[in-house]
Amino acid sequence: TAIPNVRPSPFSTDEQRTSLDDVTHYNNFYEFGTEKSDPAANAGTLKTRPWTLVVDGACEAPGEIGIEDLLSGFTQEERVYRLRCVEAWAMVVPWVGFPLGDLLRRFKPTSKARYVAFETLLDPEQMPGQRRSVLDWPYREGLRMDEAMHPLTILATGLYGELLPNQNGAPLRLVVPWKYGFKSIKSIVRIRFTEREPQATWNMMQPDEYGFYANVNPAVDHPRWSQKKHRVIGEGLFARKHETLPFNGYGDQVASLYSGMDLRRYF
Amino acid sequence: MARSRAERVLPLAKVVLFAACLAPCGLLVWDAVSGSLGPNPVEALLHGTGDWALRLLLVTLAMTPLRRLTGQVWPIRLRRMLGLFAFFYVALHLTVYLWLDRELAWSTIVDDVIKRPYISVGFVAFLMLIPLALTSTRGWMRRLGRRWTQLHRAVYVIAVLGVVHYLWLVKADLREPLIYASVLTILLAFRVPWDRLGAMLRGVRVGRSGP
């Protein structure tokens with residue numbers, strides 16, 4: 001289904017977009033299986049209507065909002081972003097969505113809100129991958145408040161002009177283009193303002209491999225592979241790999257968020 | 001001496017087995033040429049060759065138990081071909097890694113082999129396979145005599161390294177590598193001289209016996 005009145009955005013890259021077929025058939029979404037092809041095959045069981053997002057925690061106006069209100073109540077923009085997976089592959093995806101900050105402000109976070117925590121739906125009936133304890137379900141992620149309010153950070157509702165396919169995190173997912181893909185949590189049902197750094201699924205499981213910040217950084221290798229280069233999906237068998245840029249090439253916009261921080265320690 | 005039926009069928013069996021072992025490679029090449037390796041073709045080749053290397057290694061290790069279970073000699077007559085094909089797929093796996101995945105960037109390859117245990121382990125397994133492949137001929141079997149058997153017991157270590165290589169590279173879902181680990185455990189358990197071990201534990205001394 002096409003999303004109406006999608007506006008273009010100056011934040012979009014004009015790089016070659018990854019094909020819709022590759023964007024929707026090469027996914028890490030362990031709720032539907034651990035193979036890249038599993039989500040496309042298995043995500044049909046996810047029911048995305050009705051869908052309610054709960055926003056609570058350190059805010060003056062906690063509450064709920066339905067997916068239809070999210071679609072009609074916020075200006076939907078097309079954001080063509082680079083996506084860099086921690087596994088050293090990358091895509092260019094034309095997301096549709098709106099700035100996360102626009103949503104968060106409506107719930108009036110208090111001065112105690114220093115972080116934002118996110119949670120994916122927990123329902124093994126709809127998400128068969130959750131029947132096995134591969135990860136500590138439900139999937140959780142978190143951002144620091146300034147990261148969450150940054151204009152590049154969006155909640156995506158679609159891609160290629162249409163509503164999100166289930167395997168890409170329908171009906172609502174986070175997209176933080178300067179961080180490794182696993183930060184961009186899918187099928188979100190809850191957002192909470194917190195005072196302390198929230199739990200993040202991969203970080204809890206392997207803290208030496210997956211940091212809380214997870215900013216794309218070619219200078220900090222994953223213990224099991226180098227992060228200096230990545231392969232761009234769709235370029236074919238003999239294509240050369242690309243040099244990975246700090247913050248996935250969004251350093252001009254976001255590097256200042258981390259000034260004074262040791263990014264080797266807070267990786 | 002009249003040739004047994006198994007002896008007469010063996011040449012045909014070898015031809016069929018040769019084709020069967022080559023088929024996965026043929027399919028990967030076909031998929032590569034026709035562009036149906038999926039969104040990440042290099043990864044597909046890397047995993048495809050690795051899977052088949054490990055599978056053929058386990059099939060090779062199944063031949064001795066199979067001979068004992070069936071009482072037939074043909075599993076042993078097919079063992080060398082299976083082992084050499086396992087080596088073939090390991091070599092393909094390494095080639096895809098060095099050439100397509102690492103783009104022959106030797107400094108990063110050396111880095112990988114030194115710093116990343118799952119790659120070190122895989123690399124050692126490859127190195128250990130080379131002398132086994134080289135001494136797989138009848139001539140070397142004769143020349144080495146009993147030492148040939150001792151040398152080729154290295155395949156047990158190689159198979160363990162291969163499974164560990166797979167276990168360590170998986171991010172979270174250990175189900176598939178654990179299937180390989182279980183099969184290997186069963187195959188290695190066949191090599192343990194349980195009767196002698198049991199006798200030892202009971203304090204009974206027995207002489208060397210059996211094949």
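Heavy atoms only: backbone and side chains are in, while hydrogens, waters and symmetry mates are out. Order of the sequence lines fixes the chain letters, A, B, ..., with proteins taken first and strands second; residue numbering starts at 1 for each chain. Just so we're clear, the structure is a prediction, and the values are computed from it rather than from any experiment.
Between the side chain of Lys241(A) and the backbone N or O of Arg102(B) there is no donor-acceptor pair closer than 3.5 Å.
At a 4.5 Å heavy-atom cutoff, the contact between Lys229(A) and chain B is made by side-chain atoms alone. With a 4.5 angstrom heavy-atom cutoff, Met205(A) touches chain B only via side-chain atoms. Residue Glu87(A) touches chain B through its side chain alone, counting heavy-atom pairs closer than 4.5 Å. Residue Arg132(A) touches chain B through its side chain alone, counting heavy-atom pairs closer than 4.5 Å. Residue Ala88(A): no heavy atom, backbone or side chain, is found under 4.5 Å from chain B. Neither the backbone nor the side chain of Asp21(A) has a heavy atom closer than 4.5 Å to any heavy atom of chain B.
Note that OH of Tyr26(A) is 3.5 Å distant from CG of Asn40(B), once rounded to the nearest 0.5 Å. With rounding to the nearest 0.5 angstrom, the CG atom of Leu169(B) is 9.0 Å from the CH2 atom of Trp225(A).
Counting heavy-atom neighbours within 6.0 Å of Phe18(B) CZ, excluding the residue itself, gives a total of 12 or less. Heavy-atom neighbours of Arg147(B) CZ from other residues, nucleotides or ligands within 6.0 Å: at or below the threshold of 12. Annotation: Glu125(A), atom CD; neighbour count of heavy atoms from other residues, nucleotides and ligands within 6.0 Å does not exceed 12.
In this structure, Phe238(A) has its ring center closer than 6.0 angstrom to the ring center of Trp99(B).
Counting heavy atoms from C-beta on, the side chains of Tyr210(A) and Lys171(B) come closer than 4.5 Å. In this structure, the side chains of Trp168(B) and Arg224(A) stay at 4.5 Å or more apart for every pair of heavy atoms. Counting heavy atoms from C-beta on, the side chains of Asp221(A) and Arg116(B) come closer than 4.5 Å. A heavy-atom distance below 4.5 Å is found between the side chains of Leu237(A) and Leu45(B).
Under 4.0 Å is where a charged nitrogen must lie from a carboxylate oxygen, and between Glu43(B) and Arg231(A) no such pair does.
Highest contact tally toward chain B, considering only Gly234(A), Ser133(A), Ala239(A), Ser226(A), is held by Ser226(A) [criterion: heavy-atom pairs under 4.5 Å].
Contact detail for Pro41(B) and Gly236(A): the closest heavy-atom pair is CG-C, 3.9 Å.
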